[in-house]
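To find a chain, count down the sequence lines: A is the first, B the second, and so on, and within it residues start at 1. As a basis for the values below, the full set of heavy atoms in this structure was taken, side chains included, without hydrogen atoms, waters or symmetry mates.
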Amino acid sequence: MTAASSTPNLQIQLPDGNIVEQPPSGTSMDVAKDISEGLARSVIAAEIDGSIVDADRPFGEMSTGDKPIALRLLTSRDPEALGVLRHSAAHVMARAVMRLFEGVSLAFGPTTEGGFYYDFDLPEKISEEDFPKIEAEMRRIIKDKEPFERFALEREEARQLCEDLNQDLKVEHIETGLADQTHVSFYRQGEFVDLCRGPHIPNAGKIKAIKVMSIAGSHWKGDASGRYLQRLYGTAFFDKKELAAYLEQIEEAKRRDHRVLGRQHGLFSINPEVGQGLCLWLPKGAKVRVALEDFLRKELLSRGYDPVYSPHIGRVEMYETSGHFPYYRDSQFSPLFGSEVGGLLDAWSRRLEEGTLDSEGEEKMIEAAKVFGVALPKYRSSATVEDRQRVLHDWQKVNERYLLKPMNCPHHCHIFKAQPRSYRQLPLRLFEFGTVYRHEQTGELNGMLRVRGLTQDDAHIFCTAGQVEDEFRAPIELTTFVWQSVGLDDYRVQLSLRDPKSDKYVGTEENWSQAETALRSVLEQSGLDYNEEEGEAAFYGPKADFMVRDCIGRSWQLGTVQLDYNLPERFKLEYNGSDNVAHRPVMIHRAPFGSLERFTGMLVEHFAGAFPLWLSPEQVRVLPLSDKYIEYAVQVAQQLEAEGLKVTVDSSGGKVQAKIRNAQLELVNYMAVVGPKEAESGQLALRDRIDGDLGSMPVAEAAARLKKEVSERQVRQVVRTKAGNAAVAAVDSDAVGNEY
RNA sequence: GCCAGCGUAGCUCAGUUGGCAGAGCUGCUGAUUUGUAAUCAGCCGGUCGUGGGUUCGAGUCCCUCCGCUGGCUCCA
């Protein structure tokens, strides 16, 4: 197609298999132009041999050998293109900020799931009032349609350039983060030059819709002790309609906020006087939880789990054995001491460990302990800090210290140990809805999603190494079953494996590779969508975490299945094998819900408060036409209750229209209107929250209908249609079972 | 824990340059006796998150603490 030149042309293979030729200076854009001007206009970037690059990168820079270069032209229709657009929009935003503010130091500006951000260090505080002028400046930049021009420099030149530009964070990054690079790339857009890996869109005019979303704090390279930066969030799209839809989705998420709906519908309450992060389950919320617990308990019992119970506190020594106490000390509530001097010795011991206790302070501690009647004769004669700590620790051991339990597993390990175990008893599956307490940082607390007192649907499976595969498969099947039962069918799994280069892991090499192979093969067989993350495993074993996507597209990390080689070792768990020799079991932690608090909060948002019948705290409300029919209404309610349904009677005055409106707004699944006709014939007029009036029918018929819906755990997915419109619409009124 | 914003009745919110604390819903009382998304009237309800300061005077301006929200860091 193009004229031959002295250097040999490169072969470019298009997705349809066709091969075109380009000189080494040719670009993806040139290929596009050869195909059509229209295509060239819509090209955003290119995928070359699997990596995404600028559309104007010469092929010569990227040719790796004699194979044809695989080229895919990306337009706004390709999902990858949006990321490129947003990254460029981040540059545009940074450029606008530099035009508007003095002394801006640029950090990083990556894309995120919903848009992008850019971190800045600048003397002035950016506030929301600045957003309109930042957006206006961005629009001016976009209107100029200036290109993004890439150039590469040697590291030292690059460092010098950043220094000349007064970009000290970039200088630091070149010196540290990019220390192993010989060349680094920059992008220039008009007066704005930024150290950047790219790729970028051909010119700023491709950005059709932008919005600056929010401002927040962040830290340089994520180090909480590092330099404090201001993070400006924004988003960008190829189309104004897409931006509007995105903003609408955010509004929708706000309307579904479980904290708002939880209060509005009387599900739960979190009150600072009760305690930060400690939730009160109000009767209606508790009914939802009971339904979830009953459902799961029944499943577990039928799947070979044994119920157990354990107390809310346990001796600190047990958590020293498990390793939780020393390792997670800062996110636990302080220990409860059997003796009033316990707190003093604890603080004393910590100071010794931190090395923050001078001899004067040490003397004061000794004196203070004496006041409490505690003499520690061996303390002074102990030479080393370790010996002194041991003296304190020995005293603490005989004087009880308890921890509000942060984990159930140590208790369950002791249940395993409570009797001699034979291989014939394995796998042993112990489950408990165990409430644990963790002193989460104040800034982390979030409604029911992050609390300080939470109930895990916890279980620990003790099994032989050979049983790992089966015992890993079963909880995964259970988890997916449980989620489908509540109407969640969009999920994926993250398999977290060890980092082969690290030595922080416990357990033998053989166990790990055997376990990782087993987990991978289970996930492979299950057909689940999963990805592997090397280095993300816990130090004690590999794990599979479940991410669920709710009906408005948000991801939640909920259930988990984790292998553990550590606790059986620490608690010296053993079973007698068929060879009559003691063996160490493998332990599996698993929780399909994660925590009842978080799971319920997520469900509230997923259903926008409108629970399916089987989970609903108020399944039927009987509405007497007037006071005259309250008696009959109560009778109907009793009949429905006798069938196991959750029923209330609205005995307030007023018209039935008002009662219906209230019941609809309170998301009661079914209404039963009763008046003279029904009272005479032993009927009720059933009204469905979703489909409206279903007509009169005998009470028994209505009960049977609802019982069927409950037992099938039907999820008739509900979606709010428009802003402020409380109407709920069935996506598919013929939906049965768990499908929607 | 760090940064920013916010805190007025049970809930949602108004409250002007500093000048007598308001509305709707909820709740209570009464009237109404109702057929598939709002019957009417009256009443109750607040040390304006806490403590201090500036001022003749503070919901409003300043400081402290507490709490909430968003983000950062963390998440066994």
Side-chain angles (χ1 to χ4, degrees), chain A residues 112 117 119 125-129 213-233 254 257 259-260 263-264 266 269-273 275-277 319 322-332 405-410 436 438-447 449-452 454 456 458 538-541 543 557 560 562 564 566-567 589 591 594-595 598 623-630 652-666 671-678 685-689 691-696 726-727:
Chain A
T112 62
Y117 65 78
D119 281 348
K125 292 266 182 260
I126 298 177
S127 79
E128 280 182 36
E129 280 108 69
M213 302 294 292
S214 62
I215 178 84
S218 68
H219 295 97
W220 174 235
K221 295 196 171 176
D223 178 2
S225 60
R227 195 149 146 197
Y228 176 74
L229 306 171
Q230 298 189 63
R231 176 169 297 179
L232 195 55
Y233 283 87
K254 273 190 200 157
D257 190 320
R259 292 165 299 192
V260 175
R263 178 168 51 228
Q264 199 178 326
S269 155
I270 298 181
N271 179 335
E273 193 173 337
Q276 273 188 301
Y319 290 100
S322 73
H324 292 115
F325 180 68
Y327 196 73
Y328 292 103
R329 170 116 207 199
D330 287 341
S331 38
Q332 286 163 9
K405 81 172 167 189
M407 287 294 278
N408 298 304
C409 21
V436 298
R438 297 172 182 183
H439 194 268
E440 305 285 4
Q441 300 181 63
T442 50
E444 289 308 329
L445 300 172
N446 179 289
L449 305 181
R450 193 80 182 265
V451 290
R452 286 183 172 168
L454 59 136
Q456 298 176 318
D458 212 359
F539 73 89
Y540 51 74
K543 61 177 180 173
Q557 208 248 287
T560 182
Q562 310 186 353
D564 188 344
N566 182 44
L567 287 184
H589 308 244
S595 91
R598 189 175 161 78
L623 312 179
L625 206 55
S626 76
D627 288 1
K628 292 179 199 160
Y629 307 102
I630 288 182
S652 67
K655 302 209 291 192
V656 75
Q657 285 94 326
K659 295 179 189 180
I660 287 169
R661 181 180 146 84
N662 288 336
Q664 288 281 158
L665 291 177
E666 290 166 39
M671 285 143 272
V673 177
V674 293
K677 280 185 288 183
E678 288 75 19
L686 197 61
R687 182 189 161 93
D688 180 3
R689 177 179 73 198
D691 294 337
D693 192 0
L694 302 175
S696 288

Checklist entry - Would one find a side-chain N or O of A:Q276 under 4.0 angstrom from OP1 or OP2 of B:rG67? => result yes

Checklist entry - For the pair made of CD in A:Q664 and P in B:rA37, what is the distance, rounded to whole Å? => result 8 Å

Checklist entry - Roughly, in whole Å, what's the span from NE2 in A:H324 to P in B:rC74? => result 19 Å

Next on the checklist: If I pick the P atom on B:rG10 and the same atom on B:rG46, what distance separates them, to the nearest angstrom?
Outcome noted: 7 Å

Checklist entry - What does B:rU69 pair with, Watson-Crick or G-U, if both distances are under 3.5 Å? => result B:rA4

Checklist entry - Expressed in whole Å, how much space separates the P atoms belonging to B:rA58 and B:rU54? => result 11 Å

Item to check | Pairwise P distance for B:rU60 and B:rG19, with rounding to whole Å | outcome: 11 Å

Checklist outcome for this item: Rounded to the nearest 0.5 Å, the OH atom of A:Y319 sits from the NZ atom of A:K405 at a distance of 6.5 Å

Item to check | Sugar-phosphate, base or nothing in reach of A:Q657, heavy atoms under 4.0 Å | outcome: sugar-phosphate

Next on the checklist: Using whole Å, what does the distance between atom C1' of nucleotide B:rA38 and atom CD of A:E666 come to?
Outcome noted: 13 Å

Next on the checklist: Taking any heavy-atom pair under 4.0 Å as a contact, classify A:R687: base, sugar-phosphate, or nothing.
Outcome noted: base

Checklist entry - In Å and rounded to the nearest 0.5 Å, what is the OH to OG distance from A:Y540 to A:S322? => result 11.0 Å

Item to check | Spacing of A:Q230 atom CD relative to B:rG71 atom P, expressed in whole Å | outcome: 17 Å

Item to check | Separation of the P atoms in B:rU29 and B:rC44, to the nearest angstrom | outcome: 15 Å

Checklist entry - Atom CZ of A:R689 to atom C1' of B:rA37: distance rounded to whole Å? => result 14 Å

Checklist outcome for this item: Testing B:rA37, B:rC3, B:rG35 for proximity to the side chain of A:P676, the answer is B:rG35

Checklist outcome for this item: Paired to B:rU50 by Watson-Crick or G-U wobble criteria (both distances under 3.5 Å) is none

Checklist outcome for this item: Paired to B:rU34 by Watson-Crick or G-U wobble criteria (both distances under 3.5 Å) is none

Checklist entry - For B:rA41, which nucleotide is its Watson-Crick or G-U wobble mate, given both distances must be under 3.5 Å? => result B:rU29

Next on the checklist: Of the options B:rU36, B:rG71, B:rA4, whose atoms approach the side-chain atoms of A:A216 most closely?
Outcome noted: B:rG71

Checklist outcome for this item: Of A:I215 and A:V673, the one whose nearest nucleotide on RNA chain B sits closer to the 5' end is A:V673

Next on the checklist: What is the separation between atom CE on A:M213 and atom C1' on B:rA4, rounded to the nearest whole Å?
Outcome noted: 17 Å

Item to check | B:rG1 OP1/OP2 closer than 4.0 Å to side-chain N/O of A:T442 | outcome: yes

Checklist entry - Of all the choices, B:rC72, B:rG35, B:rG1, which nucleotide is nearest to the side chain of A:Q441 once you look at every atom? => result B:rG1

Checklist entry - Between the base of B:rG70 and the side chain of A:E128, is there any donor-acceptor pair under 3.5 Å? => result no

Checklist entry - Using a cut-off of less than 4.0 Å, is there contact between a side-chain N or O of A:N446 and OP1 or OP2 of B:rC68? => result no

Checklist entry - Between A:D257 and A:R259, is there a side-chain N and carboxylate O pair less than 4.0 Å apart? => result yes

Item to check | Side chain of A:A658 - closest among B:rC68, B:rA76, B:rA38 | outcome: B:rA38

Next on the checklist: Please classify the nucleic acid contact of A:P406 as base, sugar-phosphate, or nothing, using heavy-atom distances under 4.0 Å.
Outcome noted: base

Checklist entry - Given the P atoms of B:rA23 and B:rA14, what is the spacing between them in whole Å? => result 16 Å

Item to check | Euclidean distance, A:D223 CG relative to A:Y228 OH, rounded to 0.5 Å | outcome: 14.5 Å

Checklist entry - Are any side-chain N or O atoms of A:Q562 and backbone N or O atoms of A:A538, one a donor and one an acceptor, separated by less than 3.5 Å? => result no

Checklist entry - Using a cut-off of less than 4.0 Å, is there contact between a side-chain N or O of A:Y233 and OP1 or OP2 of B:rC72? => result yes

Next on the checklist: Checking the side chain of A:Q332 only, and the main-chain atoms of A:H324 only, is there a donor and an acceptor separated by less than 3.5 Å?
Outcome noted: yes

Checklist entry - Does A:R598 reach the main-chain N or O of A:Q557 with its side chain, forming a donor-acceptor pair under 3.5 Å? => result yes

Checklist entry - Just checking A:S322: base, sugar-phosphate only, or nothing, at a heavy-atom cut-off of under 4.0 Å? => result nothing

Checklist entry - Under 4.0 Å between a side-chain N/O of A:R450 and OP1 or OP2 of B:rC74, yes or no? => result no

Checklist entry - Are A:Q264 and B:rU26 close enough that a side-chain N or O sits under 4.0 Å from OP1 or OP2? => result no

Checklist entry - Within the structure shown, what part of the strands sits under 4.0 Å from A:A663 by heavy-atom distance: base, sugar-phosphate, or nothing? => result nothing

Checklist entry - Yes or no on side-chain contact (heavy atoms from CB on, under 4.5 Å) for A:K221 and A:R227, after CA distance, side-chain angles and deciding distance? => result CA-CA 9 Å; A:K221 295 196 171 176; A:R227 195 149 146 197; over 6 Å; no

Checklist entry - Can you tell me the Watson-Crick or wobble partner of B:rC74, both distances under 3.5 angstrom? => result none

Next on the checklist: Any base atoms under 4.0 Å from A:E273, or only sugar-phosphate, or nothing? Heavy atoms, all strands.
Outcome noted: nothing

Item to check | Length of the OH-C1' vector between A:Y629 and B:rU33, whole Å | outcome: 9 Å

Checklist outcome for this item: Of A:G447 and A:G217, the one whose closest nucleotide on RNA chain B sits nearer the 5' end is A:G447

Next on the checklist: Please check: side-chain N/O of A:D564 versus main-chain N/O of A:L567, any donor-acceptor pairing under 3.5 Å?
Outcome noted: yes

Item to check | Whole-Å C1' distance, B:rA37 and B:rA41 | outcome: 23 Å

Next on the checklist: Applying a 4.0 Å non-hydrogen cut-off, can you work out what A:E678 is touching in the nucleic acid: base, sugar-phosphate, or nothing?
Outcome noted: base

Item to check | A:K677 side chain, from C-beta outward: closest of B:rC72, B:rA38, B:rG35 | outcome: B:rG35

Checklist entry - Looking at B:rC74, does its base get a donor-acceptor pair with the side chain of A:R438 below 3.5 Å? => result no

Item to check | Rounded P spacing from B:rG30 to B:rG51 in Å | outcome: 39 Å

Checklist entry - Checking all strands, does A:G222 fall into the base, sugar-phosphate, or nothing category for heavy-atom contacts under 4.0 angstrom? => result sugar-phosphate

Checklist entry - A:S218 near the nucleic acid: base, sugar-phosphate alone, or nothing, with a heavy-atom cut-off under 4.0 Å? => result sugar-phosphate

Next on the checklist: Work out how far the P atom of B:rC6 is from that of B:rU16, and round it to whole angstrom.
Outcome noted: 15 Å

Checklist outcome for this item: Any strand, both distances under 3.5 Å, Watson-Crick or G-U wobble: B:rC11 pairs with B:rG24

Next on the checklist: Taking A:P406's backbone N and O only, do any of them form a donor-acceptor pair with A:R438's side chain (distance below 3.5 Å, no angle check)?
Outcome noted: yes

Item to check | Given B:rA37, B:rG35, B:rA76, the nucleotide with the shortest approach to the side chain of A:S696 | outcome: B:rG35

Checklist entry - B:rG67 C1' sits how many Å from A:I270 CD1, rounded? => result 13 Å

Item to check | Below 4.0 Å: OP1/OP2 of B:rU69 and any side-chain N or O of A:R259 | outcome: yes

Checklist entry - Does B:rU16 have a Watson-Crick or wobble partner in any strand here, with both distances under 3.5 angstrom, and which is it? => result none

